[in-house]
**Student:** 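Can you read through this structure? Questions will come right after.
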Amino acid sequence: MGKSKVLVVGGTGYIGKRIVEASLKQGHETYVLQRPEIGLDIDKLQILLSFKKKGARLVEGSFSDHQSLVDAVKLVDVVICAMSGAHIRSHNILLQVKLVDAIKEAGNVKAKFEKTKEGAREATKRQNCPVDYWVERFLPSEFGMDPARMQDALEPGRVTFDEKMVVRKAIESANIPFTYVSANCFGGYFVGNLCQLGTLTPPKQNVTLYGDGNVKAIFLDEDDVATYTIKTIDDPRTLNKIVYLRPPENILSQSELIATWENLTGKELNKHSMSGEEFLGLMKGLDLAQRVGVGHFYHIFYEGCLTNFEVGDEEEASKLYPDVEYVRMVDYVKLYL
């Protein structure tokens with residue numbers, strides 16, 4: 001069985017560029033959408049050209065040009081969208097509905113796995129195609145908390161989850177087979193700063209504990225997120241599933257993360273505990289992006305939204321792919337020494 005051809009949308013972004021690299025590394029014929037909106041952004045252009053040197057194919061397409069998206073989708077078997085949903089960067093989640101429309105029209109995004117005869121007959125009825133024609137697979141831009149579990153999230157941060165659910169509904173209403181990747185906390189945003197708001201580097205003397213600091217969260221190396229994501233695309237076990245990234249040694253509390261840093265540096269930080277009420281009070285006077293961030297931090301470090309449930313009938317990546325030597329956070333944080 002050959003490997004799927006992959007189109008990455010948002011391939012110059014924080015996680016998207018890693019997904020492109022992982023796709024190439026795992027031997028997939030990889031296409032990256034090159035949007036004319038790139039304009040004079042030389043950094044993004046250089047990233048795209050670096051992919052081209054490594055064997056990726058650049059394909060022009062724009063969200064303002066439906067046919068260009070359809071033409072891009074027709075080149076591949078699997079579409080992965082990694083457009084930003086973070087308010088501190090850019091917020092493009094609902095643009096994916098246009099991508100869903102293009103996938104519907106193209107009708108040929110295929111996930112490669114052996115069907116049962118019954119499944120093949122059903123695919124034939126739906127797509128009016130030969131029995132050996134493969135079904136579709138789309139991975140939308142998720143990669144954080146599972147939005148289906150965040151229906152009671154605080155405003156204004158709830159908009160992130162609501163919009164991701166709009167995209168999910170569009171995908172499922174169109175009968176486009178999918179995989180949703182829930183990647184929890186990226187190390188670059190949560191580990192190097194010991195989970196402190198407003199900085200990306202470790203505190204020198206004082207550190208704020210959220211409550212008692214003992215609520216468990218899940219932290220991921222960004223390259224590992226990309227590796228796991230690409231591994232799902234040809235795997236029948238992940239079709240129409242949520243795949244949670246929960247590498248067991250990276251399920252840590254904030255206190256454990258701080259202790260790891262203190263052991264590495266040999267220096268104890270001054271700790272100040274902040275109650276949930278005090279923490280939410282920080283929202284006053286902040287701009288929208290900052291208030292969204294405060295709300296998300298609250299759900300993670302006070303409510304434990306990443307670890308307060310069982311995976312159940314969905315899938316967990318480190319169990320599916322035990323061959324992946326994922327980066328432990330004790331090693332990740334060494335980068336900041």
**Student:** Please confirm whether the backbone N or O of Thr160 pairs with a side-chain atom of Glu163, one donor and one acceptor, at under 3.5 Å?
**Tutor:** no
**Student:** Below 4.0 angstrom, N of the basic side chain to O of the carboxylate: do Glu21 and Lys54 qualify?
**Tutor:**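 Lys54 and Glu21: salt-bridged.
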**Student:** Is there a donor-acceptor pair under 3.5 Å between the side chain of Asp224 and the backbone N or O of Tyr326?
**Tutor:**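 Flag not set: sc Asp224 to bb Tyr326 has no pair under 3.5 Å.
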**Student:** Take Met274 and Leu282 through the test side-chain contact (heavy atoms from CB on, under 4.5 Å) and record every step on the way to the result.
**Tutor:** CA-CA 11 Å; Met274 182 177 289; Leu282 296 176; 4.0 Å; yes
**Student:** Just wondering, do Gln254 and Leu209 contact through their side chains at under 4.5 Å, heavy atoms?
**Tutor:** yes
**Student:** Drop me the distance from Leu48's CG to Arg35's CZ, to the nearest 0.5 angstrom.
**Tutor:**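 Going from the CG atom of Leu48 to the CZ atom of Arg35 covers 11.0 Å.
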**Student:** Salt-bridge test for Glu29 and Arg57: reply yes if a basic N is under 4.0 Å from a carboxylate O, no otherwise.
**Tutor:**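 Result for this pair is yes, salt bridge flagged.
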**Student:** Would you check if the side chain of Gln196 reaches a backbone N or O of Thr208 as a donor-acceptor pair within less than 3.5 Å?
**Tutor:**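 Yes, because the side chain of Gln196 sits within donor-acceptor range (under 3.5 Å) of the backbone of Thr208.
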**Student:** Please indicate whether Glu278 has more than 12 foreign heavy atoms, meaning atoms of other residues, nucleotides or ligands, lying under 6.0 Å from its CD.
**Tutor:**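 Yes, because the 6.0 Å sphere around CD of Glu278 holds more than 12 heavy atoms from other groups.
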**Student:** For Asn206, look at atom CG and say whether over 12 heavy atoms of other residues, nucleotides or ligands are found less than 6.0 Å away.
**Tutor:**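 Atom CG in Asn206 is crowded, with more than 12 foreign heavy atoms closer than 6.0 Å.
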**Student:** Does Arg246 make a cation-pi contact with Phe309, if we ask for NZ or CZ under 6.0 Å from the ring centre and within 45° of the axis?
**Tutor:** yes
**Student:** State, yes or no, whether a side-chain contact exists between Leu45 and Leu49 at a heavy-atom distance under 4.5 Å.
**Tutor:** yes
**Student:** Check whether any side-chain heavy atom of Phe186 sits under 4.5 Å from a side-chain heavy atom of Val225, and report yes or no.
**Tutor:** yes
**Student:** Is the backbone of Lys169 close enough, under 3.5 Å, to the side chain of Glu172 for a donor and an acceptor to pair up by distance?
**Tutor:**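 Not confirmed, Glu172 side chain does not pair with Lys169 backbone.
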**Student:** Is it true that atom NZ of Lys271 has more than 12 heavy atoms of other residues, nucleotides or ligands lying nearer than 6.0 Å?
**Tutor:**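 Result for NZ/Lys271: enclosed.
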**Student:** Any luck finding a side-chain donor-acceptor pair between Tyr332 and Glu222 under 3.5 Å?
**Tutor:**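 Yes.
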**Student:** Please tell me whether Val97 and Phe63 are part of a single hydrophobic cluster in this structure, the criterion being side-chain heavy atoms less than 4.5 Å apart.
**Tutor:**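 Val97 clusters together with Phe63.
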**Student:** Looking at every heavy atom in both Ala106 and Val73, which two are closest together, and how far apart are they?
**Tutor:** CB-CG1, 3.5 Å
**Student:** I'd like to know whether Thr30 forms a side chain to side chain donor-acceptor pair (under 3.5 Å) with Ser23, so could you lay out the CA-CA distance, the side-chain angles of the two residues, the decisive distance to 0.1 Å, and finally the verdict.
**Tutor:** CA-CA 6 Å; Thr30 305; Ser23 180; 2.7 Å; yes
**Student:** Contact between Asn193 and Thr201 at the side-chain level, heavy atoms closer than 4.5 Å - yes or no?
**Tutor:** no
**Student:** Rounded at 0.5 Å granularity, tell me how far SG in Cys305 sits from CZ in Arg149.
**Tutor:**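 Cys305 atom SG to Arg149 atom CZ measures 10.5 Å (nearest 0.5 Å).
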**Student:** So, does Asp146 use its side chain to make a donor-acceptor pair with the main chain of Ser182 at under 3.5 Å?
**Tutor:**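 Not a single qualifying donor-acceptor pair exists.
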**Student:** Would you say the rings of Phe190 and Phe297 are close, in the sense that their centroids are separated by under 6.0 Å?
**Tutor:** yes
**Student:** Minimum heavy-atom separation for Glu314 to Ile242, with atom names?
**Tutor:** OE1-N, 2.8 Å
**Student:** Decide yes or no on side-chain contact (heavy atoms from CB on, under 4.5 Å) for Ser253 and Phe301, but give the supporting numbers first.
**Tutor:** CA-CA 8 Å; Ser253 68; Phe301 296 110; over 6 Å; no
**Student:** When clusters are formed by joining ILVMFWY residues with side-chain heavy atoms under 4.5 Å apart, either directly or through shared neighbours, do Leu24 and Ile80 land in the same one?
**Tutor:** yes
**Student:** Could you check if a side-chain atom of Tyr321 sits within less than 4.5 angstrom of a side-chain atom of Asp235, using non-hydrogen atoms only?
**Tutor:**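 Yes. Closest side-chain heavy atoms under 4.5 Å.
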**Student:** Are there more than 12 heavy atoms of other residues, nucleotides or ligands under 6.0 Å from atom CD of Glu37?
**Tutor:**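 Enclosed.
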**Student:** Heavy-atom distance under 4.5 Å between the side chains of His28 and Asp234, does that happen here?
**Tutor:**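 With C-beta onward as the side chain, the pair touches.
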**Student:** Measure across Ala317 and Tyr228 and return the closest heavy-atom pair with its distance rounded to 0.1 Å.
**Tutor:**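 Closest approach of Ala317 to Tyr228: CB-CD2, 3.7 Å.
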**Student:** Checking Glu155 against Arg291 for the salt bridge (Lys or Arg N to Asp or Glu O under 4.0 Å) test, could you report, in this order, the C-alpha distance in whole Å, the side-chain angles of both residues, the deciding distance, and whether it holds?
**Tutor:** CA-CA 8 Å; Glu155 298 287 1; Arg291 284 184 284 132; over 6 Å; no
**Student:** Run the ring-centre check on Tyr14 versus Tyr189 and record whether the distance is less than 6.0 Å.
**Tutor:**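 Ring-ring flag for Tyr14/Tyr189: true, centres closer than 6.0 Å.
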**Student:** Can you confirm whether or not the ring centre of Phe161 sits under 6.0 Å from the ring centre of His296?
**Tutor:** yes
**Student:** Please answer: with hydrophobic residues joined when any side-chain heavy atoms are less than 4.5 Å apart, are Val215 and Leu306 in the same cluster?
**Tutor:** no
**Student:** Carefully, step by step, assess Tyr180 and Arg168 under the rule side-chain contact (heavy atoms from CB on, under 4.5 Å).
**Tutor:** CA-CA 9 Å; Tyr180 303 141; Arg168 283 192 182 187; 3.4 Å; yes
**Student:** Could you walk me through whether Lys334 and Asp331 satisfy the salt bridge (Lys or Arg N to Asp or Glu O under 4.0 Å) test, starting with their C-alpha distance in whole Å, then the side-chain angles of each, then the deciding distance to 0.1 Å, before giving a yes or no?
**Tutor:** CA-CA 5 Å; Lys334 288 178 182 177; Asp331 294 316; 3.3 Å; yes
**Student:** Under 3.5 Å, side chain of Ser68 to main-chain N/O of Ser62, donor-acceptor pair present?
**Tutor:** yes
**Student:** Do Val330 and Ile251 land in one hydrophobic cluster if side-chain heavy atoms of ILVMFWY residues count as linked below 4.5 Å?
**Tutor:** no
**Student:** So for atom CG, which belongs to Asp313, do other residues, nucleotides or ligands contribute more than 12 heavy atoms lying within a distance under 6.0 Å?
**Tutor:** no
**Student:** Measure the spacing between CD1 of Ile171 and CD of Gln96 and express it to the nearest 0.5 Å.
**Tutor:**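 Ile171 CD1 to Gln96 CD: 7.0 Å, rounded to 0.5 Å.
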**Student:** Spell out, as yes or no, whether a donor-acceptor pair under 3.5 Å connects the side chain of Asn240 to the backbone of Phe178.
**Tutor:**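 The answer is yes, because a donor-acceptor pair under 3.5 Å joins these two groups.
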**Student:** Are the side chain of Lys216 and the backbone of Asn308 linked by a donor-acceptor contact shorter than 3.5 Å?
**Tutor:**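 Judged by distance alone, no pair lies under 3.5 Å.
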**Student:** Should Arg18 and Asp223 count as an ion pair when the cut-off is N to O under 4.0 Å?
**Tutor:** yes
**Student:** Is there a donor-acceptor pair closer than 3.5 Å between any side-chain N or O of Glu316 and the backbone N or O of Ser318?
**Tutor:**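 Side chain of Glu316 to backbone of Ser318: a pair is present.
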**Student:** Going from CG on Leu252 to SG on Cys185, what distance comes out if it is rounded to the nearest 0.5 angstrom?
**Tutor:** 10.5 Å
**Student:** Show your working on salt bridge (Lys or Arg N to Asp or Glu O under 4.0 Å) between Asp323 and Lys231 and close with a plain yes or no.
**Tutor:** CA-CA 11 Å; Asp323 57 307; Lys231 278 186 168 290; 3.1 Å; yes
**Student:** If you round to the nearest 0.5 Å, how far is NZ of Lys44 from NZ of Lys17?
**Tutor:**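 It comes to 10.5 Å.
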**Student:** Check whether any side-chain heavy atom of Leu220 sits under 4.5 Å from a side-chain heavy atom of Pro247, and report yes or no.
**Tutor:** yes
**Student:** Show, in sequence, the C-alpha distance, side-chain angles and deciding distance for Lys241 and Thr179, and conclude whether the side-chain contact (heavy atoms from CB on, under 4.5 Å) test is met.
**Tutor:** CA-CA 5 Å; Lys241 293 276 191 173; Thr179 299; 5.7 Å; no
**Student:** Counting distance only, does the side-chain N/O of Lys164 pair as donor-acceptor with the main-chain N or O of Glu142 below 3.5 Å?
**Tutor:** yes
**Student:** Linking I/L/V/M/F/W/Y whenever any side-chain heavy atoms sit under 4.5 Å apart, do Phe279 and Ile258 land together?
**Tutor:** yes
**Student:** Out of the candidates Val79, Ile176, Thr238, only one should pair with Arg137 under the side-chain contact (heavy atoms from CB on, under 4.5 Å) rule; please name it.
**Tutor:**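 Exactly one candidate clears the test, Thr238.
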**Student:** Does Phe143 reach the side chain of Asn184, with side-chain heavy atoms less than 4.5 Å apart?
**Tutor:**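 Answer no - side chains too far apart.
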**Student:** What are the two closest non-hydrogen atoms of Gly211 and Tyr302, and how far apart are they?
**Tutor:** N-CE2, 3.4 Å
**Student:** If you round to the nearest 0.5 Å, how far is CG of Leu257 from CG of Asn250?
**Tutor:**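 Between Asn250 CG and Leu257 CG, I get 10.0 Å after rounding to 0.5 Å.
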